Number of protein chains: 2
Amino acid sequence: MAVTIKDVARLAGVSPSSVCRALTDPARVRADTRERVESAAEQLGYRPNRAARSLITGRTANLGVVLPDLANPFFPTVVKAIQKQARRFDYAVFLSDTDEDPAVEVPAIRALAMQVDGFLLCSPRASDHELRSNARDKPVVVLNRRITPFPSVTADNADGMRQAVGHLAALGHRAVAYVGGPRTSWSHRDRQRGLRAATAARGMRLVEVGNVAPTVDGGAAAADLVLAAPVTAVLAYNDLVALGLLQRFQARGVRVPEHLSVIGFDDIPVAGLLGPPLTTVAIDTEQIGRVGVDLLLELMAGPVHRGVTRRVLPTQLIVRGSTGPTV
Amino acid sequence: MAVTIKDVARLAGVSPSSVCRALTDPARVRADTRERVESAAEQLGYRPNRAARSLITGRTANLGVVLPDLANPFFPTVVKAIQKQARRFDYAVFLSDTDEDPAVEVPAIRALAMQVDGFLLCSPRASDHELRSNARDKPVVVLNRRITPFPSVTADNADGMRQAVGHLAALGHRAVAYVGGPRTSWSHRDRQRGLRAATAARGMRLVEVGNVAPTVDGGAAAADLVLAAPVTAVLAYNDLVALGLLQRFQARGVRVPEHLSVIGFDDIPVAGLLGPPLTTVAIDTEQIGRVGVDLLLELMAGPVHRGVTRRVLPTQLIVRGSTGPTV
DNA sequence: TTGAAAGCGTTACCAG
DNA sequence: CTGGTAACGCTTTCAA
């Protein structure tokens with residue numbers, strides 16, 4: 001059997017109540033009492049039972065992270081940052097991968113709800129309504145999406161697109177294609193919106209070639225549509241899609257950037273390793289995770305918050321070999 | 001306040017005990033009682049409080065996953081598979097990323113110990129001794145490593161190396177280099193051992209150029225050592241290291257595979273997307289995760305197990321563009 | 001088959 | 001500053 005607070009109390013010669021106080025709020029007991037308790041706890045290797053604690057306090061010291069696909073290289077760094085920041089504040093992390101299935105999301109949230117103090121929803125795929133009505137009882141921070149009334153952390157997609165379009169314009173491009181991500185993806189819609197505005201502002205032609213899965217295969221599937229369009233450059237929903245494009249272009253003998261310039265989004269770790277290295281819009285994924293945790297902790301500490309907190313993080317165009325001047 | 005078993009009992013007109021029985025072991029109550037309880041629970045949206053349950057049963061229905069670096073593309077697929085299999089059996093998953101720091105591992109395990117029914121340790125970096133003495137109280141399955149007396153799931157590294165060396169021999173290579181991973185990595189040592197045996201068996205020369213971090217940067221750092229060695233091919237500890245080699249080779253104008261053949265290990269998702277695509281030894285990472293969970297559940301169900309279970313999964317050489325005949 | 005009551009380990013409250 | 005007692009929500013005896 002595990003060592004309980006009673007064992008510590010007996011060894012220290014005090015009551016369980018005092019042990020509890022000594023360990024949770026040292027200021028509330030006399031110094032010598034605290035010392036005896038601490039040494040007794042140390043000696044016995046006492047670890048408080050969090051289930052029992054959470055039963056009475058209502059707190060669990062756990063955070064729930066829900067995301068659509070850990071295999072998308074965008075997420076691991078976010079999760080790492082969340083993990084790191086959570087650990088700093090003694091929170092443990094539940095992870096739930098929904099495999100891009102919106103129908104799994106709500107059940108996953110409900111299943112975890114009892115065991116966490118709050119949720120970090122990363123790029124959730126379910127509808128606003130579903131999320132709003134099912135995540136009401138616990139604090140929620142949404143990453144990569146905005147859902148009223150939850151606080152959110154997003155990247156400045158519009159500005160990223162503005163930078164990308166400006167770059168292409170400077171290279172002489174006048175007509176560009178966009179390969180969209182899943183219609184259920186808020187990031188996709190936000191980037192699409194930003195791209196439309198940026199191309200319109202410069203009088204550039206924009207050809208949208210449809211929506212694909214946010215994967216390499218999705219990008220490969222759209223490549224031929226891009227080639228059939230009267231454009232000299234293509235922007236992809238994200239780097240995975242861009243990678244798929246590059247791959248298929250290579251297979252069809254289309255040289256990048258000589259024939260066609262390609263720009264991705266996210267700056268996933270492998271983006272710079274390819275031939276050619278991918279020009280892309282970088283997002284500070286670590287910051288997303290960190291700020292998300294901070295926001296959540298804040299929300300959990302003081303439930304009084306006026307207005308909706310929306311943190312928008314800067315994006316940064318990274319120019320690499322996959323973009324070049326028109327010929 | 002959340003709805004408790006008492007609320008359900010009141011609405012159904014029975015005692016809390018009966019509600020408990022009806023919900024956990026339907027066979028032990030009369031059919032009509034069960035129906036009333038079920039509909040009452042449904043109507044109220046009752047969710048059992050797992051903290052309270054675990055307090056008395058000692059079970060948590062949680063699994064703990066500890067791994068060194070989620071940013072290494074090898075792990076996300078493993079975690080996804082674990083998650084998926086765990087969900088099938090109604091287990092939730094705690095994730096703890098130790099950031100390749102052995103010193104964080106044991107504290108991470110201890111912190112989670114109380115809240116999980118068992119651990120899946122993925123490529124743990126701490127010493128056998130530390131792990132043995134700190135993970136005694138909960139069932140543990142080790143992935144990508146063998147630590148007596150824990151059950152383990154590993155890849156057949158030796159056979160993978162045999163295949164790789166056979167491939168190189170067939171292409172005419174007689175001397176190869178090996179860029180090793182962290183000394184604390186069991187996989188590294190196992191692969192090194194397998195490689196030594198395989199090259200010896202074929203009378204090939206093996207030059208070991210030291211140990212590097214299991215990252216792209218680690219590989220890049222070792223590239224020049226490889227070029228200085230009298231070899232025509234190089235095997236890397238894993239794909240990330242191989243990627244680093246490829247990158248640095250390219251920067252130095254060394255053509256692959258014309259000047260030098262390169263083989264990685266793991267077959268991470270991006271391995272096939274590069275220029276040149278990476279020849280590598282594939283591991284079924286999903287199977288590792290799935291089998292790991294199965295083993296753990298088995299272990300938790302019946303603590304009686306004679307002998308140590310060691311599951312060794314097959315590896316498969318994937319030949320791509322980064323290997324070619326000697327010139 | 002069902003209900004009453006005890007108890008899991010902890011914290012909160014109230015006397016002292 | 002400390003100890004006793006109740007309570008968190010659930011499961012598990014034990015009687016009926």
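Throughout, protein chains are lettered first and strands after them, A, B, ... in sequence-line order, and every chain is numbered starting at 1. This structure is a prediction, so every number in the text was calculated from the model and none was measured.
Using a cutoff of 4.0 Å between basic side-chain nitrogens and carboxylate oxygens, A/Asp69 and B/Lys80 are scored as salt-bridged. A salt bridge between B/Arg145 and B/Asp128 is present, with a side-chain N of the basic residue lying under 4.0 Å from a carboxylate O of the acidic one. Taking the charged nitrogens against the carboxylate oxygens, B/Glu100 and B/Arg125 do have a contact shorter than 4.0 Å, which makes a salt bridge.
In this structure, CG of A/Asp25 is placed 10 Å from P of C/dA12, rounded to the nearest angstrom. Summarising the geometry, the separation between CG on A/Leu44 and C1' on C/dG9 is reported as 15 Å, rounded to the nearest angstrom. Regarding B/Asn49, its CG atom lies at a distance of 6 Å from the P atom of D/dC10, rounded to whole Å. Atom-to-atom, CD of A/Gln115 to P of D/dC10 comes out at 13 Å; the value is rounded to the nearest Å. Counting to the nearest Å, the C1' atom of C/dG3 and the CZ atom of B/Arg10 are 16 Å from each other. Atom pair A/Lys6:NZ and C/dT10:P shows a separation of 10 Å (rounding to whole Å applied).
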Worksheet entry | Nucleic acid footprint by protein, nucleotides 11-16 of chain D - heavy-atom cut-off 4.0 Å, B for base, S for sugar-phosphate alone | BBB---

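Distance alone, capped at 3.5 Å, places no donor-acceptor pair between the A/Asp99 side chain and the A/Asp101 backbone. At distances below 3.5 Å, at least one donor-acceptor pair connects side-chain atoms of B/Asp97 with backbone N or O atoms of B/Leu70. At distances below 3.5 Å, at least one donor-acceptor pair connects side-chain atoms of A/Thr60 with backbone N or O atoms of A/Asp117. A donor-acceptor pair under 3.5 Å is formed between the side chain of B/Arg132 and the backbone N or O of B/Thr148.
Residues B/Ala27 and A/Leu55 each lie close to DNA chain C; by heavy-atom proximity, the contact nearer the 5' end of the strand is made by B/Ala27.
The shortest distance between the side-chain N/O atoms of A/Ser18 and the OP1/OP2 oxygens of D/dG3 is below 4.0 Å. The side chain of B/Thr4 places no N or O atom within less than 4.0 Å of a non-bridging phosphate oxygen (OP1 or OP2) of D/dG9.
Counted within 6.0 Å of NZ on A/Lys138, heavy atoms from surrounding residues, nucleotides or ligands total more than 12; the atom is thus considered enclosed.
For DNA chain D, the residues of residues 29-43 of chain A within the heavy-atom distance limit of 4.0 Å (strictly under) are A/Val29, A/Arg30, A/Thr33, sorted by number.
Under the 4.5 Å side-chain criterion, counting only non-hydrogen atoms from C-beta, A/Pro48 is not in contact with A/Leu23.
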